[in-house]
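Keep in mind the model is a prediction, meaning the values are calculated, not measured. Here is the naming used below: chain letters follow the sequence lines, and residue numbers restart at 1 for every chain. Reckoned from all heavy atoms, side chains included, excluding hydrogens, waters and symmetry mates.
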Amino acid sequence: MASYPFTEIEKKWQQRWDDSDIYKTSEDKSHPKYYILDMFPYPSGAGLHIGHPEGYTATDIIGRYKTMRGFNVLHPMGFDAFGLPTERYCMEKNIHPIEATNTNIAVFVGQLKMLGFGYDWSRCVNTTDPEYFKWTQWMFLKIYNSWFDDEQQRARPIDELPIPDEITDTKEIEDYKDKHRLAFISMVPVNWCEALGTVLANEEIDEWCAKGYEVVRRPMRQWMLRITKYSKRLLDDLALVDWPISTKEMQRHWIGESIGAEIQFTIEGNDKSFIVFTTRPDTVFGATYIVLAPEHELVSDITTPDQKNEVAEYIRETSLKSDLERTDLNKSKTGVFTGAFAVNPATGKPIPIWIADYVLAHYGTGAIMAVPGHDERDHEFALTYSLPIKKVVTPSGGSEWDIENKAFTEDGIAFDSANDEFSITGMATPDAINRTIEWLESKSIGCKKIQYKLRDWLFSRQRYWGEPVPIMYFEDGSKRALDESELPLRLPDVLDFQPAGTGESPLAKVESWINFIDPKTGKKARYETNTMPQWAGSCWYYLRYIDPKNDEIFCNKEKEKYWMQPDGVDLYMGGAEHAVLHLLYARFWHKVLYDYGYVSTPEPFKKLYHQGLIMGEDGRKMSKSLGNVINPDDVVAEFGADSLRMYEMFLGPLPDAKPWSTSGIEGVHRFLNRVWRMLATEAATLSESVVECELSKEQEYVLHSTIKKVGEDIESLHFNTAVSQMMIFVNEFTKSDRKPRQAMEKFVLCLAPFAPHIAEELWAILGNTESIIRHSFPDYDESKTIKDEIELVVQVMSKIRSKLIIPLDSNEEFVDSLARADENVCKHFEGKTVRKVIFVPNKLINYIVS
RNA sequence: GCAGAAGUGGCGGAACUGGUAGACGCGCUGGACUCAAAAUCCAGUGGCCUUUAAAGCCGUGAGGGUUCGAGUCCCUCCUUCUGUACCA
């Protein structure tokens with residue numbers, strides 16, 4: 001294929017852009033700002049994937065377009081470089097993660113530059129840089145030194161925590177504070193992988209299991225972040241952001257709000273009581289037994305001697321199961337009777353207390369009142385163990401319902417639900433719920449309650465390659481958080497990253513880490529050996545880009561205001577795989593910072609957009625094993641970066657999954673060749689056919705429509721149709737031997753955001769000396785985007801019978817007279833009379849005949 | 001099961017508030033250029049009927065409905081993708 005000299009052109013302009021710092025972000029306050037953010041990549045050893053350029057090109061186009069529209073554009077790039085894969089790789093190769101990380105980042109930067117992205121590299125961040133993670137640690141300490149004021153619904157300094165009068169002892173006060181901090185230590189069952197020597201997040205399990213690693217449940221001492229305190233705000237504030245519906249839905253589900261009630265149950269022959277959560281307090285009369293989670297704290301207290309062995313055995317069995325196994329056993333429910341009875345507060349009758357692993361310890365109170373008549377799970381369990389099923393709700397239509405056969409779970413009419421103090425019998429479910437809550441509250445044995453599914457965030461990993469937790473412990477069991485002036489707490493420079501073998505991170509083997517004299521207190525100390533999870537660094541990187549070199553604060557307030565007001569990042573582009581975790585964690589950190597006034601917006605990301613996956617040519621997900629992986633380096637070598645960029649935009653709508661096609665990129669490449677030949681000679685000089693001349697009517701129409709459509713499509717992220725329109729332009733103008741110079745110039749400006757290298761070159765060939773990005777995006781004349789002659793459809797009985805070429809805005813009489821004169825139209829009138837005429841100006845005329 | 005999104009030629013995909021379905025690209029067919037090929041350029045290209053054309057009929061996952069008119073709006077169903085799942 002005889003191509004324009006894309007390799008030379010692209011190298012040349014990339015060099016010039018680099019040399020002239022052309023993409024350095026301007027902060028000239030007289031211009032409006034636009035903050036575009038890409039989800040920064042994890043710099044893996046494999047280099048850039050073909051999917052990366054999709055989102056990055058989209059944002060690059062917008063960045064260039066907004067720049068040409070006079071905005072100060074902040075469009076930075078960085079690296080999320082802490083992580084287990086790098087650590088594993090380094091263990092195999094026996095190199096240091098810093099070395100591997102720097103090598104990988106250098107490869108990524110080279111590839112990103114090769115694709116011509118206009119990033120301001122002076123703002124590049126790297127989460128593993130101590131100057132960066134100093135502030136990650138600083139933020140962790142902010143969270144650590146906070147408690148959540150439920151009334152004010154915000155974080156407050158831990159020193160402002162009201163301490164109950166009865167607590168006076170210094171140590172007790174510290175313990176009390178620790179219990180309320182937003183970062184706290186807890187013994188929790190975690191997903192432990194022996195081979196990796198670390199815990200894994202629930203969402204990480206699949207990935208590593210697929211690679212053949214084994215993961216087991218095991219209780220361990222872990223750092224947790226109290227994200228659950230922000231459940232309500234994280235849920236409510238979704239209303240403030242312009243995100244894909246599906247992503248918002250996913251977050252809503254993840255947070256999982258349910259409205260119901262807590263009800264207290266007493267235990268027969270025991271002065272203890274317990275609380276259950278239910279969304280259907282109206283069915284309390286139908287609660288025929290109780291189920292506690294096997295882990296429930298009361299289980300050992302209440303189990304009767306003759307049930308002890310069976311209960312202990314059941315608890316042992318379930319403790320070995322992972323969460324996955326427990327939920328996987330969807331088929332049949334198991335459980336054991338404790339021998340104890342609770343009192344149903346509504347009926348006053350004793351009901352048996354069971355334990356079963358279908359009740360989860362970590363949700364609600366870890367205890368339920370089982371209403372087998374009106375809950376499918378309880379129904380199944382009741383059938384298995386022959387427990388009584390009682391009907392307390394009937395379908396509102398009055399139809400019969402066989403409660404033994406199937407639970408009735410919908411709203412209906414309360415039935416047989418009365419005691420000496422109140423009755424809800426005959427009430428519709430919503431009223432019955434309210435009335436029951438009133439009664440519970442009047443007796444002080446229950447209240448309305450909103451429950452969330454969201455769990456606290458497991459915030460420690462037993463790894464070397466992560467941010468150290470800036471906390472030290474002393475021999476007396478006390479601990480001390482580092483002062484701001486002591487940050488960053490750097491990783492010790494070691495070369496042994498093998499797990500300690502004790503369930504601790506490799507840091508536990510580093511003498512200087514676990515056995516040193518704290519200079520501040522003079523006491524013998526050891527640092528926390530856990531490091532932070534990979535999510536930590538990505539929780540706030542968008543703020544660091546704003547002020548990347550500041551060593552006083554993570555981000556200057558004034559600068560934050562300029563770039564983040566009014567609603568945060570203007571456009572955030574990234575994969576849908578981060579729809580929940582990263583986006584939830586980042587929102588959480590942002591809200592803590594917001595509570596302290598460090599950031600000025602309640603939400604970090606105004607508009608979120610997900611680019612779709614690029615599939616292999618065979619329509620399957622690209623993977624090494626399928627051999628359908630496309631490498632961006634190869635594509636750039638064969639067709640050039642501009643072709644790759646344009647092709648990825650032309651493939652289809654940005655959010656869709658789309659298959660790669662080699663002949664498809666050839667088509668786009670052919671288009672760029674046509675563009676080149678339209679303007680330039682083979683010797684890269686201006687083609688003689690480009691001349692100062694008037695545009696034809698048709699050319700004027702196409703030019704102005706193109707400027708209009710390309711601009712509008714960029715704004716709405718419909719890049720595929722913008723490319724189509726530019727193709728239409730080229731098709732129109734190559735028809736003519738004389739190419740009007742002014743049209744060519746405007747076209748090249750439209751092309752520039754998409755294919756910046758060829759556009760720069762053609763712009764220079766057209767005689768310009770300054771970079772094309774310094775020029776404004778062209779304006780169009782609306783009147784020229786409208787044709788003065790249009791085709792109008794003539795229908796008879798709503799079927800097209802003819803088409804008329806008529807002047808724009810022709811009136812009905814005129815159209816009618818022409819239409820009636822049409823031969824084919826007349827044919828369809830034969831033997832019929834016109835009953836009705838529908839005239840839509842500039843569109844159609846429709847005759848209804850009979 | 002639940003939630004969200006989507007089903008349009010041989011393929012990727014267009015189609016504004018209901019008003020010419022299939023823009024643009026790929027592929028394919030024919031032609032020009034060439035000794036030949038590549039590249040390039042021109043023309044054609046949803047299906048059926050027809051030698052061709054005109055004319056006509058059928059066509060946006062399936063079936064109903066609203067309307068002069070439905071890819072677009074409403075109802076029912078099917079399929080695919082994505083997330084989630086004993087959350088009381």
(message) Under 4.0 Å, counting only non-hydrogen atoms across every strand here, what does A/S258 touch: a base, just sugar-phosphate, or nothing?
(response) sugar-phosphate
(request) Would you please confirm or rule out a distance under 4.0 Å between OP1 or OP2 of B/C58 and any side-chain N or O of A/K799? (result) yes
(request) Output the single nucleotide from B/U84, B/A88, B/G56 whose closest atom is nearest the side chain of A/T279. (result) B/A88
(message) Which is it for B/G47, anti or syn, if anything within 90° of zero counts as syn?
(response) anti
(request) Map A/A657 and A/E257 onto RNA chain B by nearest heavy atom, then report which one ends up closer to the 5' terminus. (result) A/A657
(message) Check this one for me: any side-chain N or O of A/H718 less than 4.0 Å away from OP1 or OP2 of B/A14?
(response) no
(request) Could you pull out all residues at least two apart from A/W243 that satisfy ring pair (Phe, Tyr, Trp, His ring centres under 6.0 Å)? (result) none
(message) Any base atoms under 4.0 Å from A/N824, or only sugar-phosphate, or nothing? Heavy atoms, all strands.
(response) sugar-phosphate
(message) For B/A55 and A/R801 - does any side-chain N or O of the residue sit under 4.0 Å from the phosphate oxygens OP1/OP2?
(response) no
(message) Does A/K787 qualify as a cation-pi partner of A/Y701, given the criterion of NZ or CZ under 6.0 Å from the six-membered ring centre and within 45 degrees of its axis?
(response) yes
(request) Take atom CD1 of A/I805 as the centre, draw a 6.0 Å sphere, and report whether it contains more than 12 heavy atoms from other residues, nucleotides or ligands. (result) yes
(request) For A/H379, report the nucleic acid contact type (base, sugar-phosphate, nothing); a contact means any heavy atom under 4.0 Å. (result) nothing
(message) Starting the side chain at C-beta, find the nucleotide from B/G83, B/A88, B/A5 nearest to A/I245.
(response) B/A5
(message) Treating primed atoms plus P, OP1 and OP2 as sugar-phosphate and everything else as base, which nucleotides of nucleotides 19-26 of chain B get B, S or - for protein heavy atoms under 4.0 Å?
(response) BBS-BBSS
